[in-house]
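Notes to accompany the following structure.
Atoms considered below: every heavy atom in the structure, side chains included; atoms not considered: hydrogens, waters and symmetry mates.
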Amino acid sequence: MRFGTFHLMTQYAGATSGQIVAETLAEAELAERLGFGRVWLTEHHASDHGICSAPAVFAAAVAARTQKIGLGFAVNVAPLHHPLRLAEELAMVDQLSGGRVVAGFGPGYSPYEFARYGVDIGERHTRHNEVVEVVLKAWTGERFDYAGEHFHFEDAQALPAPAQPLPVAITASSIAGAHHAARAGHRLLTLGGSDEVREIVAAYAAEMRRSGHDAALIEDNLARVGVLKHVYMAESDEEAQAAIRAPTEMLLRRLDALTTEDGAGTGAVFEEGLAAEMENYLSTRFIAGSTKTVRAEIAALADAGCGEVLCWFRWGAMEHAEAVASMRRFGAVLPKAG
């Protein structure tokens, strides 16, 4: 089992952008010292839900402050990017880091963010597929033509080339999404409880085999299926459960705001369903508790087919010091691999 850290970079009331940036850099450096295999960054726009609007820029800063920890993108929101520019940015980070990048792509989900960029969210899947296709062509270093629904290029080229054949991971929370990633031979990133993970991974594995991929690629990809989980370690289960509720409610409110184009959220509809949504989220998206409980939940994930846990230690208005304490507890008792 592999373990990485995941960073959303929420800017909560009373915190400045500079504070969140500096603290997240410190958390990434600590992740390397504690032996985590990868730092995973995500992308959000025009919202204090997450201020990492340029994950490649932030990844370059992490690369400069570390020596060996991997740099993962979970994910670049492909439909909001020009594919040639995205290919060049990720390749540059790979060069700067000496070949430490895993390039992650996803179609996005937020009407609010798509509206800020003037992109039709109804086109997100077709745009996502085309952006990934163009990026992969660009990384060959060769000149190429491309004719799609959204992008057309003649004699295109992107430089620099990556330092390595860049691994690509695709987010999927449905069977259809897992099948798409499998057919392309990409790695899989997903989320949910152990039962959901088991179903997604089984579908992904079956489609990888049906697609006729090389056995070594199938084995490697299955060993690297990533699952995003909030992680909170404490002296007892009761302490952990008490600590996670307030930041989780804040997170759910921020997520609701992203579901409408104006950022106002669903109002009374959200409030009416908040209690049930909170319990569902806590039961499926968390690894939280004492060492014994965390070990058991990690084992259940491994049995479901998870190869790497993307450990989300800080969310909502959780303070840096509290997240660091949880990271240190986790790092002290669990094995890591790169």
Side-chain angles (χ1 to χ4, degrees), residues 6-13 40 42-52 74-75 77 106-116 121 124 171-178 189-201 226-234 237-289 293-294 297 300-301 304 306 309-319 322-323 326:
F6 175 85
H7 304 269
L8 178 68
M9 298 176 64
T10 296
Q11 184 174 336
Y12 50 87
W40 291 91
T42 192
E43 173 183 358
H44 284 285
H45 298 279
S47 168
D48 52 11
H49 173 63
I51 64 169
C52 191
V75 289
V77 182
Y109 62 84
S110 168
Y112 172 79
E113 292 180 319
F114 275 72
R116 305 285 79 71
I121 196 169
R124 65 192 183 110
T171 56
S173 56
S174 67
I175 299 299
L189 299 174
T190 191
L191 44 76
S194 294
D195 291 342
E196 296 168 280
V197 170
R198 188 185 309 278
E199 183 179 12
I200 291 285
V201 173
V227 179
L228 176 63
K229 287 284 185 178
H230 295 271
V231 175
Y232 193 94
M233 284 195 70
D237 293 351
E238 293 75 18
E239 180 185 343
Q241 292 300 317
I244 64 178
R245 297 192 74 89
T248 301
E249 181 175 336
M250 177 180 172
L251 171 68
L252 293 177
R253 292 184 181 280
R254 297 288 178 88
L255 287 172
D256 179 65
L258 298 180
T259 64
T260 57
E261 288 192 2
D262 62 1
T266 59
V269 173
F270 171 77
E271 296 298 337
E272 183 178 348
L274 176 58
E277 178 63 18
M278 171 77 82
E279 295 313 312
N280 177 65
Y281 198 91
L282 292 174
S283 66
T284 59
R285 301 289 188 90
F286 275 81
I287 297 172
T293 296
V294 169
E297 292 180 359
L301 268 182
C306 173
V309 182
L310 283 60
C311 299
W312 189 351
F313 285 104
R314 189 181 186 189
W315 67 96
M318 186 178 293
E319 295 284 350
E322 187 175 7
S326 182

* Given side chain to side chain contact (heavy atoms under 4.5 Å, CB included), test H44 with L8 step by step and report yes or no. => CA-CA 8 Å; H44 284 285; L8 178 68; 3.4 Å; yes

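- Nearest heavy-atom pair across F313 and S326 is CD2-OG, 3.7 Å.
- Looking at every heavy atom in both residues, V227 comes nearest to L191 through CG1-CA, 4.2 Å.
- No side-chain heavy atom of R116 sits less than 4.5 Å from a side-chain heavy atom of H45.
- One N or O on the side chain of Y112 and one on the backbone of A46 form a donor-acceptor pair closer than 3.5 Å.
- No more than 12 heavy-atom neighbours from other residues, nucleotides or ligands sit within 6.0 angstrom of CD on E199.
- For the atom pair Y12 OH and E319 CD, the distance stands at 3.5 Å (nearest 0.5 Å).
- Proximity of L282 to R245: side-chain heavy atoms (C-beta onward) are separated by under 4.5 Å at one or more points.
- For the pair L252/E277, a side-chain contact is recorded, criterion being any heavy-atom separation below 4.5 Å from C-beta on.
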* To do: Just do the side chain to side chain contact (heavy atoms under 4.5 Å, CB included) check on F270 and T259 with the steps written out, would you?
  => CA-CA 11 Å; F270 171 77; T259 64; over 6 Å; no

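- Panel note: side chain S110, backbone E113; a donor-acceptor pair is recorded below 3.5 Å.
- Applying the side chain to side chain donor-acceptor pair (under 3.5 Å) rule to R253 yields the partners E249, E271; only residues at least two apart in sequence or on another chain are considered.
- Ring planes of H230 and W312: parallel class, angle under 30° (limits at 30 and 60°).
- In this structure, the side chains of P107 and T171 come closer than 4.5 Å at one or more pairs of heavy atoms.
- Residues I175 and I200 approach most closely at N-CD1, 3.8 Å, considering heavy atoms.
- T248 contributes atom OG1, which lies 7.0 Å from atom CE of M318 (distance to the nearest 0.5 angstrom).
- In this structure, the side chains of Y281 and I244 stay at 4.5 Å or more apart for every pair of heavy atoms.
- Here the straight-line distance linking atom CG of L251 with atom OG1 of T10 works out to 7.0 Å at 0.5 Å rounding.
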* Asked: Is there a side chain to side chain contact (heavy atoms under 4.5 Å, CB included) between I287 and L301 once you walk through the steps?
  -> CA-CA 10 Å; I287 297 172; L301 268 182; 3.8 Å; yes

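- Taking CE from M233 and OG1 from T293, the interatomic distance works out to 9.0 Å, rounded to the nearest 0.5 Å.
- In terms of heavy-atom proximity, M9 sits nearest to C52 at SD-CB, 3.6 Å.
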* Verdict with supporting geometry, T284 and E196, side chain to side chain contact (heavy atoms under 4.5 Å, CB included) -> CA-CA 9 Å; T284 59; E196 296 168 280; 3.9 Å; yes

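- Counting only heavy atoms from C-beta outward, the side chains of N280 and R285 never approach each other to under 4.5 Å.
- Side-chain rings of F6 and W315 stay apart, their centers remaining 6.0 Å or farther from each other.
- Here the straight-line distance linking atom NE2 of H7 with atom SG of C311 works out to 9.5 Å at 0.5 Å rounding.
- Shown here for A74 and W40, the closest heavy-atom pair between the two residues is CB-CE3, 3.6 Å.
- Of all heavy-atom pairs between G316 and M250, the closest is C-SD, 3.5 Å.
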